[in-house]
K.L.:
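Got a structure for you, questions after.
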Amino acid sequence: YLWGDNPYGGLKFDGINLTDSSPLIQDCVISDCHRAGIYCENTGSDPVINGNTIVSNNDYGVVIYAGNVNDFGASTNSFAFNGNENRINVMGEDVTEDSVWPDLGYVYYIDGDINIFGQDGPDSVTTMTVEPGAQLDFTSESAIYVGTSVISKPGALIAEGTETQPILFQSQNDGADYWGGIIFNETSDDSLCRLTYCEFSHSGSGSIDTLMCMGSAPVITHTSLSPCGNRAIYCESAAQPVFDFITISNTSDDAVYIT
């Protein structure tokens, strides 16, 4: 049982702070810490977090990197009453192994870019799968990049919600800032990349449009995009995406732009 009551104010104290370490954290109670319950300082920390009770911490219950989400046992951890609206703080990084992002019942707070690429899994395509009902909130101009321009670095994003459990991609602060969007690069796998029953809000910022197809062909259906700080959809001339049942409104630039 780890109880973080610190009489000195806890200005730099997390319950468990990890630097270049990857322990198994299991069947622990992590409560009332002045900062985060579990905090990963860098990408070299890849803990397995299962069966814990993580409650009532003043800051985030857990701060991990995007490549670690697969090792956070969402269904086995009890996670409640933590600071920052009980969101799990996910720092942007390269995702080079297959990962599944389930509906946690609370929000993924994404701080920084997520880059999905690699040759993981039986199909040799690193794939990030977001399950129905999940909510991803992004900081200003953060984005998801799927694949690269290098043929040896394919990637795929599968985000298939349902009519009753859409997947939400939105700004982290209720629209005061706009986040970036999703960029399907040349080596994103056309046979795997699918978005359906997704809702995008307050997306498109800087040089990034909400959905960008760069010589790629994802399948995107039953998806809404509103409002958009830039274009809603941008397609390079070589791109051949499939769009069906798309709702676009309140864009600051073109709804759809094809070069």
Side-chain angles (χ1 to χ4, degrees), residues 43 64-70 87-104 107-118 120 125-150 153-161 166-172 177-190 192-221 223-225 228-236 239 241 243:
T43 58
I64 58 176
Y65 280 79
N68 308 149
V69 169
N70 224 33
R87 298 180 292 189
I88 177 173
N89 188 188
V90 181
M91 306 299 290
E93 72 160 332
D94 297 342
V95 174
T96 57
E97 298 179 353
D98 289 350
S99 63
V100 177
W101 295 46
D103 174 15
L104 300 176
V107 175
Y108 296 99
Y109 172 83
I110 314 299
D111 188 357
D113 294 338
I114 295 175
N115 305 290
I116 308 166
F117 65 85
D120 192 41
V125 179
T126 296
T127 303
M128 174 176 158
T129 301
V130 185
E131 295 191 331
Q135 179 176 334
L136 284 67
D137 288 3
F138 295 80
T139 58
S140 177
E141 299 190 26
S142 295
I144 297 177
Y145 293 84
V146 186
T148 66
S149 59
V150 180
K153 295 182 177 180
L157 173 65
I158 300 173
E160 294 184 299
I167 296 171
L168 307 182
F169 296 90
Q170 58 190 35
S171 170
Q172 56 90 18
D177 294 308
Y178 281 68
W179 68 284
I182 299 178
I183 299 90
F184 293 95
N185 284 310
E186 296 171 14
T187 63
S188 60
D189 191 285
D190 296 337
L192 294 174
C193 289
R194 301 186 299 276
L195 306 180
T196 187
Y197 287 108
C198 294
E199 297 179 4
F200 290 79
S201 66
H202 295 95
S203 52
S205 64
S207 61
I208 303 172
D209 298 318
T210 298
L211 294 174
M212 301 184 73
C213 301
M214 316 298 283
S216 54
V219 175
I220 302 172
T221 66
T223 289
S224 63
L225 303 92
C228 302
N230 293 326
R231 304 178 184 101
I233 296 172
Y234 173 93
C235 297
E236 284 190 338
F243 291 102

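The structure presented is a predicted model; accordingly, all values stated were derived computationally and were not measured.
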K.L.:
Pair Asn185, Ser216 - check side-chain contact (heavy atoms from CB on, under 4.5 Å), show working.
P.N.:
CA-CA 6 Å; Asn185 284 310; Ser216 54; over 6 Å; no
K.L.:
Can you name the closest pair of heavy atoms from Glu199 and Pro166 and give their distance?
P.N.:
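So the minimum-distance heavy-atom pair works out to OE2-CG, 3.6 Å.
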K.L.:
Mind checking side-chain hydrogen bond (donor to acceptor under 3.5 Å, both in side chains) for Asn70 and listing every partner two or more places apart, or none if nothing turns up?
P.N.:
none
K.L.:
Taking Ser188 for its side chain and Gly147 for its backbone only, find out whether a donor-acceptor pair lies under 3.5 Å.
P.N.:
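Side chain of Ser188 to backbone of Gly147: no pair is present.
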K.L.:
Tell me whether the rings of Phe200 and Trp179 are parallel (<30°), tilted (30 to 60°) or perpendicular (>60°).
P.N.:
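Phe200 vs Trp179 ring planes: parallel.
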K.L.:
Where do Tyr234 and Thr210 land on the side-chain contact (heavy atoms from CB on, under 4.5 Å) test, with the steps shown first?
P.N.:
CA-CA 8 Å; Tyr234 173 93; Thr210 298; over 6 Å; no
K.L.:
For Asp189 and Ala156, indicate whether the former's side chain and the latter's backbone hold a donor-acceptor pair under 3.5 Å.
P.N.:
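No; judged by distance alone, with no hydrogens or angles, the pair does not exist.
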K.L.:
What is the minimum heavy-atom distance between Glu93 and Thr43, and which atoms define it?
P.N.:
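Heavy atoms of Glu93 and Thr43 come nearest at OE1-CG2, 3.2 Å.
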K.L.:
Please check if the side chain of Asp120 supplies one atom and the backbone of Asp98 the other of a donor-acceptor pair under 3.5 Å.
P.N.:
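Checked: pair present.
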K.L.:
Measure across Gly92 and Tyr65 and return the closest heavy-atom pair with its distance rounded to 0.1 Å.
P.N.:
O-CD2, 3.9 Å
K.L.:
Kindly compute the distance separating CG (Leu136) from CD1 (Ile114), expressed to the nearest 0.5 Å.
P.N.:
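Nearest 0.5 Å value for the CG-CD1 distance: 6.5 Å.
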K.L.:
Enter the distance from Met91:CE to Ile110:CD1 here, rounded to the nearest 0.5 Å.
P.N.:
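Rounded to the nearest 0.5 Å, the CE-CD1 separation comes to 10.5 Å.
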K.L.:
Check step by step if side-chain contact (heavy atoms from CB on, under 4.5 Å) holds for Gln172 and Phe138.
P.N.:
CA-CA 5 Å; Gln172 56 90 18; Phe138 295 80; 5.8 Å; no
K.L.:
To the nearest 0.5 Å, what is the distance between CD1 (Ile183) and CG (Asp113)?
P.N.:
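Answer for the CD1-CG pair, Ile183 versus Asp113, is 7.5 Å.
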K.L.:
For Glu131, look at atom CD and say whether over 12 heavy atoms of other residues, nucleotides or ligands are found less than 6.0 Å away.
P.N.:
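More than 12 within 6.0 Å, yes.
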K.L.:
Do you see a donor-acceptor pair shorter than 3.5 Å between the side chains of Thr96 and Thr126?
P.N.:
no
K.L.:
Can a donor-acceptor pair be found, under 3.5 Å and without considering hydrogens, that links the side chain of Glu186 to the backbone of Gly215?
P.N.:
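A pair under 3.5 Å: no.
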K.L.:
Arg194 pairs by side chain to side chain contact (heavy atoms under 4.5 Å, CB included) with which of Thr129, Ile158, Thr221, Leu157?
P.N.:
Ile158
K.L.:
Using the side-chain contact (heavy atoms from CB on, under 4.5 Å) rule, take Tyr178 and Ile208 through it: C-alpha gap first, then chi angles, then the decisive distance, then the call.
P.N.:
CA-CA 10 Å; Tyr178 281 68; Ile208 303 172; over 6 Å; no
K.L.:
Nearest 0.5 angstrom please: Arg87 CZ to Asp111 CG, how far?
P.N.:
10.5 Å
K.L.:
How many angstroms lie between atom CG of Leu195 and atom CD of Glu160, to the nearest 0.5 angstrom?
P.N.:
9.0 Å
K.L.:
What's the spacing between Thr127 OG1 and Phe117 CZ if we round to 0.5 Å?
P.N.:
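Those atoms lie 13.5 Å apart.
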K.L.:
What is the minimum heavy-atom distance between Phe169 and Cys198, and which atoms define it?
P.N.:
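That closest heavy-atom pairing would be CE1-SG, 3.8 Å.
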